[in-house]
Colleague: 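Input: one structure, supplied below.
Side chains included, hydrogens not; waters and symmetry mates left out as well; all remaining heavy atoms used. Please read these numbers as outputs of a predicted model, since none were measured by experiment.
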Amino acid sequence: MTPTAATPDSADSADSASAGPRWGLTFPLDGIPLADQRRLVEALPDLGFTDLWSMETAGADAFTPLALASVWAPQLNLGTAIVPVHTRGPALLAMQAAALAEAAPGRFSLGLGASSPVIVQDWNAVPFEQPFQRSRDMVRFLKSALAGEKVDTEYETFAVRRFRLERVPAQTPPVLLAALRPGMLRLAAQEADGTILNWLSAEDVTTAVREFDAAGGTGKTVAARIFTCPTTDADHARALGRRLIAGYLTVPAYAAFHRWLGREDQLKPMWDAWAAGDRKGAAASVPDEVVDALIVHGAPGQVREQIRRYAENGVTVPVPAILPTPEMLDPDASARDRRQAVAAAVLAVSPG
């Protein structure tokens with residue numbers, strides 16, 4: 001089954017996108033060429049989705065898919081989650097954000113984050129230095145630049161001389177900052193328009209939001225990427241989840257995050273195996289209860305209920321990220337079958 005919907009004939013979208021509870025989807029979807037995702041994106045508003053949020057690792061960049069979506073489904077809110085603060089110069093980042101804000105007036109949020117040494121340094125040949133300070137400085141610069149101000153400032157981590165946007169968006173986009181632990185959560189609360197959470201359980205949300213609200217974040221946007229494998233094959237979901245958890249939560253920032261959340265004892269065997277070079281052993285050591293907490297999986301009704309728990313605990317924009325189901329990975333499946341499997345997964349993670 002492929003969900004379809006008529007293409008809207010107007011971009012009278014901000015009101016429809018913001019009415020009622022928000023529910024996002026990570027975009028673009030894996031398994032389908034980007035150019036072939038138009039019909040699916042057009043169908044999302046009728047399925048109850050209000051938002052599309054991109055990511056930027058080693059696939060698509062964060063902006064191009066959202067530029068397409070701004071035309072394909074002008075009812076949807078759009079956001080980046082996240083753009084690394086090191087991998088673009090300040091002016092270029094301001095220009096890209098301004099262009100998308102102009103294409104989707106009132107519907108675009110710029111999500112920034114420190115990212116990781118692998119993405120910043122190993123893949124983009126930029127020193128991964130002072131991530132907290134760079135994040136703070138980039139938020140400050142962008143808030144000024146996107147408002148149309150002339151920026152001639154020496155920040156702690158970079159200097160900008162006599163820059164002013166030539167195309168200032170009519171509606172200044174919110175700037176959100178990804179955060180894990182208290183320091184960055186406080187920074188997001190005090191200087192950004194919201195925060196973006198990642199790699200945490202629904203129960204963990206209360207810990208992060210409590211810190212965020214205490215620093216002044218009450219009432220601001222809290223988006224969360226939620227890794228979701230909509231399948232009743234628990235063995236498949238857990239095997240996939242273990243590999244992802246071993247790959248991500250061994251990154252120092254994420255390891256520190258989960259120590260803060262209280263998972264030291266549960267994850268120490270994984271960290272020890274990873275440090276010893278035993279990648280398979282690290283993944284195998286992740287307990288089922290950790291996988292089940294961090295990876296949403298099950299039948300569609302179970303998946304929706306688990307995603308709603310994130311919202312109940314303080315997330316204002318839950319953003320499922322679909323992980324491949326067995327049908328999506330079937331080597332004998334035709335391209336049509338894979339597209340249908342992706343569409344079925346999208347339907348399973350929709351609000352219902």
Side-chain angles (χ1 to χ4, degrees), residues 3 5 13-30 34 37 40-57 59-60 62-70 72-83 100-101 104 106-113 173-179 192-202 205 208-209 220-230 295-296 300 303-323 342-343 345-352:
S13 55
D15 290 342
S16 62
S18 60
R22 292 170 66 179
W23 191 290
L25 183 68
T26 299
F27 177 73
L29 297 158
D30 292 334
L34 180 56
Q37 296 189 31
L40 193 148
V41 170
E42 289 173 345
L44 294 179
D46 286 343
L47 296 176
F49 290 99
T50 64
D51 285 67
L52 281 178
W53 290 72
S54 63
M55 59 193 302
E56 188 170 284
T57 51
F63 291 99
T64 304
L66 297 184
L68 292 170
S70 73
W72 292 347
Q75 306 99 314
L76 294 175
N77 294 304
L78 308 172
T80 59
I82 51 87
V83 176
L100 196 44
R107 296 187 290 123
F108 172 62
S109 297
L110 176 63
L112 306 171
V175 178
L176 278 61
L177 182 62
D193 299 304
T195 192
I196 300 167
L197 307 177
N198 190 29
W199 276 115
L200 77 174
S201 72
V205 169
V209 169
K220 294 186 176 184
T221 299
V222 179
R225 172 155 287 118
I226 304 166
F227 292 97
T228 307
C229 189
I295 306 292
V296 169
V303 165
R304 293 180 187 120
E305 179 57 33
Q306 291 176 72
I307 294 171
R308 287 192 183 98
R309 280 172 37 219
Y310 282 81
E312 291 165 0
N313 289 341
V315 169
T316 63
V317 191
V319 184
I322 295 175
L323 301 178
V342 172
V346 170
L347 190 62
V349 305
S350 70

Colleague: Would you name the heavy atoms of Ala192 and Val175 that are closest together and state the gap between them?
Modeller: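 For Ala192 and Val175, the tightest heavy-atom pair comes out as CB-O, 3.3 Å.
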Colleague: Tell me, do Thr221 and Pro174 make a side-chain contact under 4.5 Å, heavy atoms counted?
Modeller: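 Heavy-atom side-chain distance check fails, nothing below 4.5 Å.
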Colleague: Measuring from atom CG of Leu323 to atom CG of Asp30, what distance do you get when rounded to the nearest 0.5 angstrom?
Modeller: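 That separation rounds to 9.0 Å.
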Colleague: Ala60 and Pro28: which non-hydrogen atoms are nearest, and at how many Å?
Modeller: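 Taking Ala60 first and Pro28 second, the nearest heavy atoms are CB-CG, 4.0 Å.
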Colleague: Sequence neighbours excluded, which residues qualify as salt bridge (charged side-chain N to carboxylate O under 4.0 Å, His left out) partners of Arg304?
Modeller: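 Here no residue qualifies.
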Colleague: Nearest 0.5 Å please: distance from the CZ atom of Phe27 over to the CG atom of Leu76.
Modeller: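 Separation between the atoms: 9.5 Å.
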Colleague: Of the non-hydrogen atoms in Leu200 and Ala208, which two are nearest, and what is the gap between them?
Modeller: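 Result for this residue pair: CD1-CB, 4.4 Å.
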Colleague: Is the backbone of Ala321 close enough, under 3.5 Å, to the side chain of Trp53 for a donor and an acceptor to pair up by distance?
Modeller: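 No, Trp53 side chain to Ala321 backbone: no donor-acceptor pair under 3.5 Å.
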Colleague: Tell me the closest heavy-atom pair linking Ala178 and Ile82, and the distance in Å.
Modeller: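 Shortest heavy-atom separation between Ala178 and Ile82 comes out as CB-CG2, 3.7 Å.
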Colleague: When rounded to the nearest 0.5 angstrom, what distance separates CG in Leu25 from CG in Leu47?
Modeller: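 With rounding to 0.5 Å, CG (Leu25) is 10.0 Å from CG (Leu47).
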Colleague: Do Tyr310 and Leu197 have side-chain heavy atoms sitting under 4.5 Å apart?
Modeller: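 The answer is no; the side chains never approach within 4.5 Å.
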Colleague: Looking only at atom types and distance, does a side-chain atom of Thr316 sit under 3.5 Å from a main-chain N or O of Val222, one as donor and one as acceptor?
Modeller: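 Yes, Thr316 side chain to Val222 backbone: donor-acceptor pair under 3.5 Å.
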Colleague: What distance do Ile295 atom CD1 and Ser201 atom OG have between them, rounded to the nearest 0.5 Å?
Modeller: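 Answer rounded to 0.5 Å: 11.5 Å.
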Colleague: Is Leu40 close to Trp72 at the side-chain level, that is, under 4.5 Å between some pair of heavy atoms?
Modeller: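 No. Closest side-chain heavy atoms not under 4.5 Å.
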Colleague: Using only atom types and a distance under 3.5 Å, with no angle test, would you say the side chain of Thr80 pairs donor to acceptor with the backbone of Gly111?
Modeller: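 Yes, because the side chain of Thr80 sits within donor-acceptor range (under 3.5 Å) of the backbone of Gly111.
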Colleague: Taking Arg308 for its side chain and Pro351 for its backbone only, find out whether a donor-acceptor pair lies under 3.5 Å.
Modeller: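 A pair under 3.5 Å: yes.
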Colleague: Specify the closest pair of heavy atoms between Ile226 and Pro318, including all atoms of both residues, with the distance to one decimal.
Modeller: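 That closest heavy-atom pairing would be CD1-CB, 3.8 Å.
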Colleague: Less than 3.5 Å apart, any donor N or O on the side chain of Arg225 or Thr26 sitting next to an acceptor on the other?
Modeller: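 Yes, Thr26 and Arg225 have a side-chain donor paired with an acceptor closer than 3.5 Å.
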Colleague: Does Thr195 reach the main-chain N or O of Leu177 with its side chain, forming a donor-acceptor pair under 3.5 Å?
Modeller: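 Checked: pair present.
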Colleague: Could you give the distance from CG (Leu44) to CG (Asp51), rounded to the nearest 0.5 Å?
Modeller: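 If we round to the nearest 0.5 Å, Leu44:CG and Asp51:CG are 10.5 Å apart.
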Colleague: Enter the distance from Leu66:CG to Ser54:OG here, rounded to the nearest 0.5 Å.
Modeller: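 The CG atom of Leu66 sits 4.0 Å away from the OG atom of Ser54.
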Colleague: So Leu78 and Ser70, do their side chains get closer than 4.5 Å, heavy atoms only?
Modeller: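 Yes, close enough: below the 4.5 Å cut-off.
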Colleague: Minimum heavy-atom separation for Pro173 to Phe108, with atom names?
Modeller: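 Closest heavy-atom pair between Pro173 and Phe108: CB-O, 3.4 Å.
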